[in-house]
2 protein chains.
Amino acid sequence: MAEPKTIVNPLFLREDDLRQAIELLFFAYRDFTARGDAILARQQFGRAHHRILYFVGRYPGIPVGDLLDILNITKQSLSRVLSQLVREEFVSQKPGTRDRRQRLLYLTDKGKALERELTSEQRMRFAAAYKDAGAVAVEGFRKVMLGIMDAKARKRFLSPFET
Amino acid sequence: MAEPKTIVNPLFLREDDLRQAIELLFFAYRDFTARGDAILARQQFGRAHHRILYFVGRYPGIPVGDLLDILNITKQSLSRVLSQLVREEFVSQKPGTRDRRQRLLYLTDKGKALERELTSEQRMRFAAAYKDAGAVAVEGFRKVMLGIMDAKARKRFLSPFET
DNA sequence: CAATTATGTCAACACTGCTGACATAACGGT
DNA sequence: ACCGTTATGTCAGCAGTGTTGACATAATTG
């Protein structure tokens, strides 16, 4: 029943699909981040704090420079937020052994607790969505998202990872 | 070959899938919005301007209140950005006919041009990603994104739409 | 030893969201 | 006709986050 339309005007449908895609991503991201933002607001933190907690938790001992690459922000932007997290003992620093200029980042227990609180809601959201959508859909989601991100990020994503 | 692991510790794998899902969404959104942000910076605009241009273009004649519902922000936040767009003639306003309190919003030609410039890159991104991923993957992406967004947004998305 | 690298800091600016308070005009019902 | 509600707008202040530019320190490297 989409047949005739497709034949008559394939371009219109295509445009409509793309518009819908943009909106799917927009609304999903909007709602995906909303709850976390509310939790963060309690301690005068923002989404940037969550991102740092997340990736430091993901790669314990990550050097500052690698974190900058992941977040794609300037060191000044990172520094403001990271120093807060260090000062308030959510994140700890340790000089690198190989290269003592580096400051390797770790979550403290306090940081782990907050990270867990923030991320668990997001995990539950995906768990529910994945369950409803099914394995085939999940694989499709994965493919499309990889296609949307820049080649550099896609590469890092697909490689065994290095940090 | 994933079999033994799945049997031994299904929960670990599941956690890993969820973590990956979060990162897929994060990196895809980050890169999806980056180019547009750069274009907007030219005229001292930000992502908020794009969102307004996008949804006014999508629903010509949309009243301010409906736009607020879509964006999920306060009228004060919207007002600052919207007034700029009106003042600089990217958006025009017209009193509603049914309800003359309403200000119905439309893109001017200038607004249409900017919106097109901003959104076309995003459409191309999805066009490429959709093409690479294939129709089945696209349907999967759609399902997962609908599952991630709040019920309210999902409902609006699936209904024939009303504005 | 000199150049480079990893990291940090101070300062200023811009965008975007929030809350609170107040204002105007139109709608709707009694 | 009047009054409460609704749609919209505006002023003001605060907080978070990103940017650029400039400068500083310590460690690595050739």
Side-chain angles (χ1 to χ4, degrees), chain A residues 26 29-30 33-53 56 61-88 91-105 118 163, chain B residues 26 29-30 33-53 56 61-88 91-105 118 163:
Chain A
F26 170 68
Y29 196 80
R30 185 197 66 177
T33 52
R35 182 84 54 107
D37 290 350
I39 294 172
L40 288 155
R42 288 191 324 223
Q43 39 239 288
Q44 304 228 273
F45 283 171
R47 213 175 280 179
H49 298 81
H50 184 185
R51 287 201 278 262
I52 294 175
L53 291 171
V56 172
I62 188 176
V64 173
D66 287 13
L67 191 52
L68 285 173
D69 280 346
I70 289 177
L71 299 175
N72 249 7
I73 58 176
T74 60
K75 64 174 176 175
Q76 294 94 323
S77 297
L78 175 62
S79 182
R80 180 171 36 204
V81 181
L82 180 55
S83 344
Q84 276 177 60
L85 289 172
V86 171
R87 200 179 322 121
E88 300 182 30
V91 171
S92 65
Q93 296 172 316
K94 212 172 69 176
T97 47
R98 255 193 356 235
D99 182 338
R100 280 186 336 234
R101 289 172 302 180
Q102 293 183 331
R103 310 232 182 143
L104 308 184
L105 306 174
L118 288 167
T163 296
Chain B
F26 170 69
Y29 195 80
R30 185 197 66 177
T33 51
R35 182 87 52 107
D37 289 350
I39 295 172
L40 288 156
R42 288 193 323 225
Q43 40 238 289
Q44 303 227 278
F45 283 172
R47 211 175 281 178
H49 298 83
H50 184 184
R51 288 200 278 262
I52 295 174
L53 290 171
V56 172
I62 189 177
V64 172
D66 287 14
L67 191 51
L68 285 174
D69 281 346
I70 288 177
L71 299 175
N72 250 4
I73 57 176
T74 61
K75 64 174 176 175
Q76 294 95 323
S77 297
L78 175 61
S79 182
R80 179 172 36 203
V81 182
L82 181 54
S83 346
Q84 276 177 60
L85 289 171
V86 170
R87 200 180 319 122
E88 300 181 30
V91 170
S92 67
Q93 295 173 316
K94 213 172 69 175
T97 47
R98 255 195 354 235
D99 183 337
R100 281 187 334 236
R101 289 171 304 179
Q102 295 183 328
R103 310 233 181 143
L104 309 184
L105 305 173
L118 288 167
T163 295

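Order of the sequence lines sets the chain letters (A, B, ...), proteins ahead of strands, with each chain counted from 1.
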Pairwise side-chain contact, A:Leu105 with A:Ile52, heavy-atom cut-off 4.5 Å (strictly under): no
Smallest separation among heavy atoms of A:Arg30 and B:Ile70, with atom names: NH1-O, 2.5 Å
Minimum-distance pair of heavy atoms, taken over all atoms of B:Gly61 and B:Leu104: O-CD2, 3.4 Å
Taking atom [atom1] of [X] and atom [atom2] of [Y], what is their separation to the nearest 0.5 Å?
| X | Y | atom1 | atom2 | value |
| --- | --- | --- | --- | --- |
| A:Asp37 | A:His49 | CG | NE2 | 12.0 Å |
| B:Thr33 | A:Tyr29 | OG1 | OH | 7.5 Å |
| A:Ser83 | A:Leu78 | OG | CG | 8.0 Å |
| B:Leu68 | B:Ser79 | CG | OG | 9.5 Å |
| B:Gln102 | B:Thr97 | CD | OG1 | 8.5 Å |
| B:Ile39 | B:His50 | CD1 | NE2 | 8.5 Å |

Sequence-distant partners of A:Arg42, side-chain hydrogen bond (donor to acceptor under 3.5 Å, both in side chains), two or more places apart: A:Glu117
Residue whose nearest DNA chain D nucleotide is more 5′ - B:Gly65 or A:Gly46: B:Gly65
Nucleotide N/O to protein N/O under 3.5 Å, stretch nucleotides 27-30 of chain C:
| residue | atom | partner | partner atom | Å |
| --- | --- | --- | --- | --- |
| C:dC27 | OP1 | B:Arg100 | N | 3.1 |

Residues, nucleotides or ligands: over 12 heavy atoms within 6.0 Å of B:Arg35 CZ: no
Covered region of DNA chain D, 5' end to 3' end, by chain B [heavy atoms, under 4.0 Å]: D:dT6 to D:dC11
Residue pairs involving residues 71-88 of chain B (criterion salt bridge (charged side-chain N to carboxylate O under 4.0 Å, His left out); sequence neighbours excluded): none
Atom-to-atom span, CG of B:Leu68 to P of C:dT16 - whole angstrom: 15 Å
Whole angstrom value for the distance that separates P of C:dA6 from CG of A:Asp66: 9 Å
Any donor-acceptor pair under 3.5 Å from B:Arg51 side chain to A:Phe26 backbone: no
Inter-end axis angle, the helix from C:dC1-D:dG30 to C:dT30-D:dA1, with every axis fitted to five base pairs (rounded, 10 degrees): 30°
Sugar-phosphate, base or nothing in reach of B:Gln93, heavy atoms under 4.0 Å: sugar-phosphate
Polar pairs (N or O, both sides) under 3.5 Å between protein and nucleotides 17-21 of chain C?
| residue | atom | partner | partner atom | Å |
| --- | --- | --- | --- | --- |
| C:dG17 | OP1 | B:Arg51 | NH2 | 2.3 |
| C:dG17 | N7 | B:Arg80 | NH2 | 2.4 |
| C:dG17 | O6 | B:Arg80 | NH1 | 3.3 |
| C:dC18 | OP2 | B:Thr74 | N | 2.8 |
| C:dC18 | OP2 | B:Thr74 | OG1 | 3.1 |
| C:dC18 | OP2 | B:Ser77 | OG | 3.0 |
| C:dG20 | N7 | B:Gln76 | NE2 | 3.4 |
| C:dG20 | O6 | B:Gln76 | NE2 | 2.9 |
| C:dA21 | N6 | B:Gln76 | NE2 | 3.4 |

